[in-house]
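One structure is given here, and the rest of the page talks about it.
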There are 2 protein chains.
Amino acid sequence: MEKSKKQIIKEASAKLFRKKGFNATSMQDIAAAVGIKAASLYNHIGSKQELLKELLFNIANAFTSGMNDIEASTLSNIEKLEALIDLHVDLTITYRDSIALITGEWVHLEEPDLKNYLKLRTQYEAQFLNILSACKKSKHIDKNTNIELALYSILSSLHWLYSWYNKNKGVSKIELAKQLKVTLLKGVII
Amino acid sequence: MEKSKKQIIKEASAKLFRKKGFNATSMQDIAAAVGIKAASLYNHIGSKQELLKELLFNIANAFTSGMNDIEASTLSNIEKLEALIDLHVDLTITYRDSIALITGEWVHLEEPDLKNYLKLRTQYEAQFLNILSACKKSKHIDKNTNIELALYSILSSLHWLYSWYNKNKGVSKIELAKQLKVTLLKGVII
DNA sequence: GTCTATAGGCTGATAGAC
DNA sequence: GTCTATCAGCCTATAGAC
């Protein structure tokens, strides 16, 4: 199946939004990247805002879906944590450019999309925290550990994975996931 | 000593740049926040770009200075790592709003500032990596650990600390630093 | 040091020819 | 489905009165 023109435009937008930011990217920039004039873009898309919205919700839905699968699985709590790291590695590699938008560009969503996006994100974080909480209950995490801080710390690293991955393309997906599990879960110092 | 008007403008800008992004913040927004008209801003500052530049280099220089002090100290390698976490916690609390700009808004710097900014950042990361490398050599970090990935992971968490700190103001600086050292260095799982 | 007025440029989006 | 032409609005920054 061939890529639709809309898909080509979305991918070019993701690359530009990532590099220059949503506001600093003009419709002319996007049009130039796909080889047409700015006015012609509107035969394929409704607005610049629509581009941002679709890119962000594609990613958010993929995370939600992956999280739900993991939550419903019969994996142990620790295995669920590991599966979440695999999920982030997978999506980082699959979505490359557009995943970069989740760290900052979502603020440019307009309502009601912004509210809906944040709802998905909050829900995701709550599910993640639940798994950490279960690990604490089953004594796999120390009772004195602040799991809210641990959650934030793990997610920060996973969200910024794309920036590291682009500089280290030599590392295989499997090796990357393995090393991340050690670093994020078991720590650095012996 | 009273705050200069320029300082007030810089602080208002930091807050707005953080919330809406550099490009989405207009001079009118900044002027309104300090209670004057946009044109009057130019009695105190040269340009919008100058605001961004000064905010970012204030932070970058503080990090560079702190890193150099730690590097030149007689602390052990592990203690240096802990001191770096203290440094990030300190600067996050001291600079609150403007520190948020280092995660994304630096891309809007113009040359040659952009190049100089990235030089400071690269240098900082190299010094950080050196300390991790020394820990590996002294067997405080396992020989199979990928310290580049560990560096990236630790820095991601520390860079995003401001977003967590703002939601958890109840936590004291000392307690925060202590918990971060556990989470980032010794890991989450027992 | 503030204001009003305005220059000059860029923006997202539309209209209509082909 | 592409183009040219254009609109209406916003932007940063400057000029000059007070």
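Reckoned from all heavy atoms, side chains included, excluding hydrogens, waters and symmetry mates. All chains are named by letter (A, B, ...) in the order of the sequence lines, taking the proteins before the strands, and each is independently numbered beginning at 1.
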Query - same_hphob_cluster(A:Leu180, A:Ile190) at 4.5 Å side-chain heavy-atom cutoff - result: no
Requested in this report: Rounded off to whole Å, could you give me the CD1-to-P distance for the B:Ile9 and D:dT12 pair?
Outcome: 14 Å
**Report entry** Distance in angstrom units between A:Lys5 NZ and D:dC3 C1', rounded
**Finding:** 13 Å
Report summary line: Heavy-atom nearest nucleotide on DNA chain C taken for A:Gly46 and for A:Gln28; more 5' hit belongs to A:Gln28
**Report entry** Atom NZ of A:Lys80: over 12 foreign heavy atoms under 6.0 Å
**Finding:** yes
**Report entry** Euclidean distance, atom NZ of residue A:Lys20 to atom P of C:dC10 [Å, nearest integer]
**Finding:** 12 Å
Query raised in the report: Under the ring pair (Phe, Tyr, Trp, His ring centres under 6.0 Å) criterion, do B:Trp164 and B:Tyr162 qualify, and how do the steps go?
Result: CA-CA 5 Å; B:Trp164 188 85; B:Tyr162 72 88; over 10 Å; no
Report task. Would you mind telling me which of D:dC11, D:dC3, C:dT4 lies closest to the side-chain atoms of B:Ser26? Result -> D:dC11
Query raised in the report: Nearest-Å distance, CG (B:Asn23) to P (C:dC10)?
Result: 14 Å
**Report entry** Between P of D:dT12 and CD of B:Glu50, the distance in whole Å
**Finding:** 15 Å
Requested in this report: Would you please confirm or rule out a distance under 4.0 Å between OP1 or OP2 of C:dC3 and any side-chain N or O of B:Lys37?
Outcome: no
Query raised in the report: Counting only side-chain N and O atoms of B:Ser40, is one of them less than 4.0 Å from OP1 or OP2 of C:dG1?
Result: no
Query raised in the report: Atom CD1 of A:Ile45 to atom C1' of D:dG1: distance rounded to whole Å?
Result: 14 Å
Query raised in the report: How close or far is atom P of C:dA13 from atom CD of A:Gln49, stated in whole angstroms?
Result: 9 Å
Query raised in the report: In whole angstroms, how far is the P atom of D:dT4 from the CE atom of A:Met27?
Result: 17 Å
Query raised in the report: A:Tyr42 side chain: which of C:dA13, D:dT14, D:dG1 is closest?
Result: C:dA13
Query raised in the report: Is any side-chain N of the basic residue among A:Glu148 and B:Lys167 closer than 4.0 Å to the acidic one's carboxylate O?
Result: no
Query raised in the report: How close do B:Thr183 and A:Ala150 get, heavy atom to heavy atom, and via which atoms?
Result: CG2-CA, 3.9 Å
Query raised in the report: From D:dT12, D:dG1, C:dA13, pick the nucleotide closest to the side chain of A:Lys48?
Result: C:dA13
Query - Selection from C:dA5, D:dC3, C:dA13 that lies nearest to any side-chain heavy atom of A:Ile36 - result: D:dC3
